[in-house]
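Below is one structure; the comments refer to it alone.
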There are 2 protein chains.
Amino acid sequence: MTSIKGKITIGQRNRLQYIILGLLNQQPQTGYDLAKAFENEIGEFWQAQHSQIYPMLKRLEAAGEITHEDTVAGEKLAKKQYTLTPTGREKLVAWVSQPSPELTPNKDEFILKLYFIKKADDPRIQPMLREQYQLHQAQLQHLQQRRETVFADRATIDQAYGHYLILDHAIERETHYVEWLAQYLKK
Amino acid sequence: MTSIKGKITIGQRNRLQYIILGLLNQQPQTGYDLAKAFENEIGEFWQAQHSQIYPMLKRLEAAGEITHEDTVAGEKLAKKQYTLTPTGREKLVAWVSQPSPELTPNKDEFILKLYFIKKADDPRIQPMLREQYQLHQAQLQHLQQRRETVFADRATIDQAYGHYLILDHAIERETHYVEWLAQYLKK
DNA sequence: GTACCCATGTAAAGTGTTACATGATTAC
DNA sequence: GTAATCATGTAACACTTTACATGGGTAC
């Protein structure tokens, strides 16, 4: 499965910073909030732990791309609410406007295991397919339910069109993954 | 897009070693050959550079899971042909037989950029979709051509069933990705 | 003879995960 | 009161990429 010109590459280009800028552009947030967003909103397409987020926030602030405001919740729980600066917003816009001419390898351990099984009648194949079927079926249902709740009001689609698109994309992807698995499960 | 139980994880489990064992199980090879395989055979699902492969081969050999034989091509070009030991084969089988109960986040920079565009009529959307359409269309054609050449003889399917499956999977994935893009390109 | 591929390796730097650490708030 | 969640941070380690480095073989 050669890439077109051997140019599949990820990492080493600090995409995390842009994603954080993008999330902060949607609304000022704390590092904790960002960590949640990486679990809930965009976990299908990128992940980052808080241990990666907090240092990055400091870097971005030192670079003048974001600022923070200290707030206190309740008696004395300290929070840092981060906001984009004009510089940060410029950088975000520049990133979004740049072409993305690279295919990303989708690391998939299950698929690789399949690759190493040679014979079509190997008894390990069916249980493996079943396991993945359950996994992806559950994920698909989860995503569908999410779309129903987040976009219950059709009017929100136009206000968060990108969000709608990527949720739709994720649902399509899982749908066809499940279909593909089902196709080979029958046999 | 929450994962089912916040359990999407990759890395830190040294999958590379298993993939190398799997590749060597198919046939004894050099590190150079392995690097090519990561570009051509399984590049859709995993990647590794030679700078990662050579040290890993040493580790695997030190662990007694592979051995090498020095050969010379031509006058004096040194090659190391690596082979699985019984221990290595056991470890490979154990890995393949283990469940793979985790969803992998498919990092996709383009999709993330979309996420940060809020309005459906943003003029950046259409050119972005067009760019991705061309990219994935080309990749799809490449994969289809690959299937035609590798599995021209239908009999090879049963001898390399896993290979057939993952190529089929990659083709399905690209097909639906292209369809998804086309759907939103029309509008 | 030169460009391109074969072949192997190391070094440096960046990215990402897991573990360590601490403390406040809320719901039961 | 206690468990779960909110909130922030650092340290150690593992993984990955890019760059540095060297030399042989083949086709033109």
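Hydrogens, waters and symmetry mates play no part in the numbers below; they use all other heavy atoms, side chains included. In this text the structure is predicted, and so the values were computed from the model without any measurement. Order of the sequence lines fixes the chain letters, A, B, ..., with proteins taken first and strands second; residue numbering starts at 1 for each chain.
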Distance, rounded to the nearest Å, where R15(B) contributes CZ and dG16(C) contributes P: 15 Å

Of the listed nucleotides dT15(C), dT10(C), dG16(C), the one nearest the side chain of P55(B): dT10(C)

Need one value for A35(B): base, sugar-phosphate or nothing, where a base atom within 4.0 Å counts as base even if backbone is also close, heavy atoms only. nothing

Start at the 5' end of DNA chain D and walk down; is the nucleotide closest to M56(B) or to H50(B) reached first? M56(B)

Can you figure out which of dT17(C), dT15(C), dT17(D) approaches the side chain of N14(A) most closely? dT15(C)

What is the distance from OH of Y54(B) to C1' of dT16(D), rounded to the nearest Å? 17 Å

Would you call the rings of W95(B) and Y18(B) parallel, tilted or perpendicular, taking 30° and 60° as the class edges? parallel

Between dA14(D) atom C1' and Q17(B) atom CD, what is the distance in whole Å? 12 Å

Pairwise 5' ranking along DNA chain C for A73(A) and R59(A), keeping only the more 5' one: R59(A)

Should the pair R147(B)-D168(B) be classified as a salt bridge under the 4.0 Å nitrogen-to-oxygen rule? yes

Could you check how far CD of E75(A) sits from P of dG23(C), rounded to whole Å? 17 Å

Got a sec: does the CZ of R59(A) have more than 12 other heavy atoms crowding it under 6.0 Å? no

Could you check how far NZ of K36(A) sits from C1' of dT8(D), rounded to whole Å? 14 Å

Using OP1 and OP2 only, check whether a side-chain N or O of K107(A) sits under 4.0 Å from dG16(C). no

By nearest atom, which of the nucleotides dT8(C), dT8(D), dT16(D) is closest to the Y32(A) side chain? dT8(D)

Which of the following nucleotides, dT15(C), dA11(D), dT25(C), is nearest to the side chain of L77(A)? dT25(C)

From the list F110(B), W180(B), Y177(B), ring pair (Phe, Tyr, Trp, His ring centres under 6.0 Å) partner of H136(B) resolves to Y177(B)

OP1, OP2 of dT8(D) versus side-chain N and O of K58(A): anything below 4.0 Å? no

Could you work out which one of dA11(D), dT15(C), dC15(D) sits closest to the side chain of S51(A)? dA11(D)

Under 3.5 Å, is there any donor-acceptor pair linking the side chain of T30(B) to the base of dT8(C)? no

For D70(A) and dT8(D), give me the distance from atom CG to atom C1', rounded to whole Å. 12 Å

hbond_proxy Q12(A) side chain to dT16(D) base (donor-acceptor, 3.5 Å cutoff): yes

Spacing between K76(B) atom NZ and dG23(D) atom C1', to the nearest angstrom: 9 Å

I'd like to know if E61(B) and K80(B) make a salt bridge, using a cut-off of under 4.0 Å between side-chain N and carboxylate O. no

Whole-Å gap separating P (dG9(C)) and CD (Q52(B)): 15 Å

